[in-house]
Amino acid sequence: MGNWAIAIPFLPILSAVIIFVFAHSARKVAARISVIITLLTFILALIELTSYALGGFSRVEVIGTLWGSVWLDPLTLIMWSFVSGISLLVHMYSVRYMVEEANYTRFFALLDLMTATILFMVSAADLITLLVAWFLVGVVLYFLLGHDTNRPAAGRYAFWTQITYRAGDVPLWLAAFVLIRSYHSISLPVIFSRLQMYPHLDAFWGLSVPELVGFLLAFAAFARSAQFLLHGWLPYTMDGPTPVSALMHAGIVNAGGFLFNRFFPVFEHASIVLHFVFIVGLITAVVGSAMMLIQNDVKRSLGYSTMGQMGFMVMECGVGAFALAIFHLIAHGFFKASLFLGAGNIIGEAREHDGVPADPVYTSIVERRPAKPSRLPWLAAAALTIIVPVVVLSVSHLFVSSRLLHEQGVIILLFFGWVTGAQALFATHKMTHTNPWRLMGGILGSFVLVVIGYTLISHYFGHFLYPHDEEYQIYGAASINSVYFDVLVIILALLFVGAWALTFFADSSGWWDRADQGRWRGVYLALYALLSRELYVNDLYARMTQILLSGARRLNVMLRWC
Amino acid sequence: MDIIIWIIAGALLPWFPFSWIFNRLLVSAPGAWARALTVIVLPQLGLLLLLKSGAWYLLGQEMPTALRALALFTAILYAYRAAGTRDMQIWARFMATSGLSLTWLLVGVLPQHWEMQLFVLAWSIPAALMLIWAGVLTKKTGGSYLGLSGGFARVLPRLSVLISLTALAATATPIFPNFFALLQAMESLPIIWMPLLLLVLLLWGWTVGRLLQDLLFGIYHGDAVHDLSVAGTWLGGLTLGVFALVGIFWGGIWIIN
């Protein structure tokens, strides 16, 4: 790797400057410059990544002033390639998609600035560079989301994003200063090496420095990655232009997962924080997924899907699977970008002609019509549903590393894999099909392929990101007492199996129809109302804002505006 | 005698309740340019008075808790009050008061007088620019109240860009100098006090968000207006550019300290 690697994050800035100064009225030229420079950035990032994979080494490059520095390690190089790749897709898509919009050139310049800011954020080797880049992401995003200034709603939702991001900046500032005070440096590598030597320095309230910093970093990550109670802004970013939604959901919202990975030496000594992170991620995943199910707007539904995915990503960090979180955010980034960029066309097509063919999968999953009983014997279906995912997941992990199966974090993820796989098989079983064995066989085949591929890729990816087996230390930090853990897993497994059995027999005997007429209807409607009002979280914030503003106005009148 | 010096300094380099006098003086200045000049000169006079009279030696080595609390209270109070106004000129005054009050956290901490002066300028300059843009807006639309007719992004794009950037500069956005000034103020505080300063940062984020929302978004319903001239835009942009460059270099100086 040459020293020119530090030029990579400057390239998009160069593009933005050229557009602002020389090409602000030349629409085609501005778009071409922006796309070409982003392509160049992507190619250079890939070259850097490849040269590292072929025997490179991590190093810090100082940019010229005392606080500007980039850390060229595997995490940075992977994130550079990912971010510039997503940005390139968004740039190319925007060339035609935004062509009829006002301020076309400004849009490209802002996209470039956003790309540069994220590139700096993921590569910052000192706390000041990290704070500057972290802060600026929120600022640039505000202007991108509020691109259409004619619509007050765009401004309102851009503001929601900006203020949530600012709420996330605050704990990061505090974390940075606690680290600076405790370890007397702003350089991240220096801080981390001193932290390994003195991990139990006392901070406040009975917490050690890593625990306090861990909590603060977790709160900063929660705001960026739309965790429960700080999630209200995410579904409403759809009011921005579609390419920005894609960039937002595919790249920017993943900052939480990045932050956990960047500060992994802190979390090695902060078990309590990891448990807390797991719980918050779990709640977010459940709430996000539940809200996604009741949306009737495809983009809003994608927004809540992102919330659920972010919950899952944070949960992965909570169990110590840090590398998996990065793998997850990359995989999620690409599929979510393609879904967003495709959503606009699909909506347009659907408006012109329905064209939805009669299909049992669509009827069962999308329209959620009551399924007819399957012709597959229920006992065989139950055995397949419950046992097969366990076998496939365990064998594939055993294949890559037997040690993995001794880590609680891996067991939890296997458990979720089992639940998801079994749920997919269960849903398949409910479908009517001329040849149920063939359908089940097809699903099982895909499941095996996906699990083996995912396990292999994530294992080697983890090894690339953490070549010295640091992951096992994090898994250790995320573990709890083994007796409690075993009891918890058994209870959860029984709960899930019981719920499937209940659903199956309730479906077969028509319980739902009877319950729908009785007192459960009220409960169902109340739950639906609660979810459709997004648990009243945004209403609560709006009310709080009104009260605060009214207080400020009264104070101003009282002090005669001076 | 020292008490009188402290009170006068408190009115010029504002802290509550003497910040009321500072704001009153700004309001009474005739015209936008005079206000801009006032917001630069008054705090420098206050600082000069404090440093040259030697009144700050009374503090000793440690910053008194009451003084620290008062400075932070003033910063929080005016940041909160800025959220309750939709008038650009009042907003600029309140933000200047909020930022300048933080200077008290650094009295006696910074070794060089010129560093203190630079710290004060970091808050005065964006406030002065904001007061000038408020004057320009008043000239073009009859007032600087943004609550009646927003949507200036379409009708006054150049002026809107300059106002937006200046508002960001006034609220400690990187890479403007007051971002680094805020880092410096943080550095001067014990960790237990830092959340209060971060509350100021959060409030600034809120106020600037509200200001930009009023300024940029919506459909303009007023009379036809002419935007700022190209030369005026370049001049404003250049001033902000130089201001940002100073910020980058100042960030380095802070780390040396």
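Letters A, B, ... are given to chains in the order of the sequence lines, protein chains preceding strands, and every chain is numbered from 1. Computed over heavy atoms, backbone and side chain alike; hydrogens, waters and symmetry mates excluded.
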> Hey, is A:Asp169 close enough to A:Arg224 for a salt bridge, meaning N to O under 4.0 Å?
Replying inline: yes

> Are any of the side-chain heavy atoms of B:Val246 and B:Phe180 separated by less than 4.5 Å?
Replying inline: no

> With a 4.5 angstrom heavy-atom cut-off, which part of A:Tyr165 approaches chain B: side chain, backbone, both or neither?
Replying inline: neither

> Pick from A:Val170, A:Asn150, A:Ile163: which one has the most heavy-atom pairs with chain B under 4.5 Å?
Replying inline: A:Asn150

>> Please classify the contact between A:Val139 and chain B as side chain, backbone, both or neither, with a heavy-atom cut-off of under 4.5 Å.
In response: side chain

> Hey, which of A:Leu555, A:Leu559, A:Leu131 has the most heavy atom pairs under 4.5 Å with chain B?
Replying inline: A:Leu559

> So which of A:Arg151, A:Arg560, A:Arg166 has the largest heavy-atom pair count under 4.5 angstrom toward chain B?
Replying inline: A:Arg166

> Is chain B contacted by the side chain of A:Arg554, its backbone, both, or neither, given a heavy-atom distance below 4.5 Å?
Replying inline: neither

>> As a quick check of understanding, evaluate side-chain contact (heavy atoms from CB on, under 4.5 Å) for A:Met114 and A:Ile252, giving each step before the final call.
In response: CA-CA 9 Å; A:Met114 176 52 88; A:Ile252 300 165; 3.8 Å; yes

>> Are there residues of residues 194-202 of chain B whose heavy atoms fall under 4.5 Å of chain A's heavy atoms? If so, which?
In response: B:Met194, B:Pro195, B:Leu198, B:Leu201, B:Leu202

>> With side chain to side chain donor-acceptor pair (under 3.5 Å) as the criterion, how do B:Ser101 and B:Tyr78 come out once you've worked through the C-alpha distance, each side chain's angles and the decisive distance to 0.1 Å?
In response: CA-CA 10 Å; B:Ser101 65; B:Tyr78 277 86; over 6 Å; no

> Does NZ or CZ of A:Arg27 come closer than 6.0 Å to the centre of the six-membered ring of A:Tyr104, within 45° of the ring's axis?
Replying inline: yes

>> Set out, in order, the CA-CA distance, both residues' side-chain angles and the distance that settles side chain to side chain donor-acceptor pair (under 3.5 Å) for B:Gln213 and B:Arg210, then state yes or no.
In response: CA-CA 5 Å; B:Gln213 206 179 337; B:Arg210 284 182 53 76; 5.8 Å; no

> B:Asp87, B:Thr85, B:Val208, B:Val27: which one forms the most heavy-atom pairs within less than 4.5 Å of chain A?
Replying inline: B:Thr85

